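Let me begin by presenting the structure, written as structure tokens, before commenting on it.
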Amino acid sequence: MASPPELILASGSPRRRELLTHLGVPFRVMTSDIPEISVHDGPAEVARDLAEQKARAVRALLPGVNAHILAADTLVALHDPALQDSGQSGTILGKPISTEQNAEYLHRLSGRTHRVYSGVALLGPAGELHSGVEMTEVSFRSLSESEIQHYARSGEGLDKAGGYGIQGLGMALVARIGGDYSSVVGFPLTLVISLLRGAGVSVWGQA
Ligand SMILES: Cc1cn([C@H]2C[C@H](O)[C@@H](COP(=O)(O)OP(=O)(O)OP(=O)(O)O)O2)c(=O)[nH]c1=O
């Protein structure tokens, strides 16, 4: 009887590792560098495509290994209707390169609603690829300059899309969210569970 495929998390994110641990499925972590892709699709397609690229990049490091490879990508897109006319709606905010840029992001998010997209890809041992995207709307309260500077100087936002972490100090920036919280943190558990079960992986005792 062939052993079942192992699960590999193609991510260096400690948050993704922690969230996957909640599902109780044994896994190991492997990372790779992917080329930043410039696609002209919307943010949902970019997130899905980057997740698929991450999974494929780790698969390339493991030729012939009997494994499911799980990857994700999270991005923040401005969405406020008030930005429509200025053409800014849909603008993607990646990880800030400095605390100054982090503060600039917070100015753009302050008092507005934006969308967080998390793409997830699961690449099976025979190359079967299943993926999906989860969108959560996040509304920031109106932030004062000193609050923006205080948060940017904390450094919490520097390794996070949009320059904030809802699971940390960033919780104090948020007025409300509409949708999946785990997706904002970077790993939409509902989507991950459905992809894993779809591939025959048992989660919480149910395949
Ligand atoms: C919006 C938001 C993003 N994030 C994180 C999730 C992701 O880790 C990160 C977005 O960058 P990603 O490129 O999605 O992921 P990563 O570089 O951290 O890790 P890897 O590519 O190896 O999987 O931002 C939070 O932790 N909290 C938040 O509130």
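The first residue in the sequence is number 1, and the count goes up from there. Indexing begins at 1, ligand by ligand and atom by atom, following the structure's order. Since we're looking at a predicted model, the values are computed, not measured.
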Starting from atom 16 (P) of ligand 1, what is the nearest protein heavy atom, named by residue and atom, and what distance separates them? Lys95 NZ, 3.6 Å
Step through it carefully: locate the ring centre of Phe27, locate the ring centre of His68, and say whether they are under 6.0 Å apart. no
Considering only NZ, NE, NH1 and NH2 on the basic side and carboxylate oxygens on the acidic side, decide whether Lys54 and Asp73 come within less than 4.0 Å. yes
Could you tell me the residue and atom name of the protein heavy atom closest to atom 6 (C) of ligand 1, and the distance to it rounded to 0.1 Å? Val185 O, 3.2 Å
Measure from the ring center of Tyr105 to the ring center of Tyr164 and say whether it is less than 6.0 Å. no
What protein heavy atom lies closest to atom 24 (O) of ligand 1? Include the residue and the distance to one decimal. Ala161 N, 3.1 Å
With a 3.5 Å cut-off and no angle check, do the side chains of Glu134 and Tyr117 form a donor-acceptor pair? no
Please determine if Gly186 has a nitrogen or oxygen closer than 3.5 Å to a nitrogen or oxygen of ligand 1. no
Assess, by modelled atom type and distance only, whether the side chains of Ser131 and Arg48 contain a donor and an acceptor separated by less than 3.5 Å. yes
Quick one about Thr113 and Glu137 (side-chain donor to acceptor, distance below 3.5 Å, no hydrogens or angles considered), yes or no? no
Under 4.0 Å to a heavy atom of Ile166 - the qualifying atoms of ligand 1, by number: 27 (N), 28 (C), 29 (O)
min-distance protein heavy atom vs atom 22 (O) of ligand 1 -> Gly12 N, 2.7 Å
Does either side chain, that of Glu145 or that of His107, offer a donor lying less than 3.5 Å from an acceptor on the other one? yes
Nearest protein heavy-atom contact for atom 8 (O) of ligand 1: which residue, which atom, what distance? Arg15 NH2, 3.1 Å
What is the nearest protein non-hydrogen atom to atom 2 (C) of ligand 1, stated with its residue, atom name and distance? Val184 O, 3.1 Å
Nearest protein heavy atom to atom 27 (N) of ligand 1, by residue and atom, and its distance? Gln167 OE1, 2.9 Å
With atom 13 (O) of ligand 1 as the reference point, say which of Lys54, Gln53, Arg17 has the nearest heavy atom. Lys54
Identify the protein heavy atom lying closest to atom 15 (O) of ligand 1, giving its residue, its atom name and the separation to 0.1 Å. Arg16 NH1, 2.8 Å
Leu23-Val29 co-clustered via ILVMFWY side chain contacts under 4.5 Å: yes
Is the contact between Lys160 and ligand 1 made by the side chain, the backbone, both, or neither, using heavy atoms and a 4.0 Å cut-off? both
